[in-house]
Amino acid sequence: MSKAPVLRLDRLLSNLGYGTRREVQQLIWAGLVTLDGEVIDDSNQKIFVKGDLAARMIVDGELLDPPPGLALMLNKPLGVTCSHKELGPLVYALLPERWRRREPAISTVGRLDKDTSGLLLMTDDGALLHKIISPRSNVSKRYDVTLDRPLRGDEVKLFAAGTLILEGEDKPLLPAQMEIVDGKHAYVTISEGRYHQVRRMFAATGNHVTALHRDRVGGLQLPDDLKAGEYRILNEADLALVLEARA
Ligand code: URA
């Protein structure tokens, strides 16, 4: 995932949001940055930016933040938005404050509606982001859906057919899988990300989604112990699960 570019120490720290070049130089000159236990007080020192750097560098008494190539999963709470254009608190506010100043910036991998909770991936790795959202990767997303009215009975077949056209569109949806839990509750797995897709799929059947929660992206499951509002950094094995092709 991450290449190993070489960066000057002051550039590295300022890209990670620790301050302006001037501010991080003060930190470095004050002897507050160590690598493998040795103080580095030369702000021009070249650093190999590898994944293990976060475990080897200490800045002002704390391990360095993850270097670029960061990917994480957030359990997005209801009422929090992925878009700067929408009113309300942003998902970025759930991450450490310093991370908002990182360069490259962290973005959401696709979006969840303000009224949808659950597994949201975020990364600063543009290539990874495009790989996950590219239709060619066929990354599935599973939603736990609660409905206002009982299912009418033909939804599994209708969604699987690949013929359903949403209101205002002219291209049919790709086939989607649905598992019924009970009359007003189902899991729906889709491999596209059209605007309000799951809500509009049920609207097309005359129903209304009252709660929507994403619990899986590709083969990566939202862990039960990751509470709403919490995040976890992903490792290579997690990312391999995300990209694991599913039928
Ligand atoms: N479908 C929706 O309707 N909303 C989401 O947030 C995701 C999928």
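All ligand and atom numbering here is 1-based and tracks the order in the structure.
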Would the F202 and Y143 ring centres measure less than 6.0 Å apart?
no

Residues 168-183 vs salt bridge (charged side-chain N to carboxylate O under 4.0 Å, His left out), sequence neighbours excluded, gives R142-E179, E169-R194, E169-R200

Output yes when D124 and R102 qualify as a salt bridge under the 4.0 Å nitrogen-oxygen rule, no when they do not.
yes

What residues sit with at least one heavy atom under 4.0 Å from ligand 1?
L112, D113, T116, Y143, H196, Q197, V198, R199, L212

How about R152: does its CZ atom have over 12 heavy atoms from other parts shown lying under 6.0 Å from it?
yes

Does D113 offer a backbone N or O that forms a donor-acceptor pair with the side chain of K76 under 3.5 Å?
yes

Less than 4.0 Å between a side-chain N and a carboxylate O, is that true for D215 and K141?
no

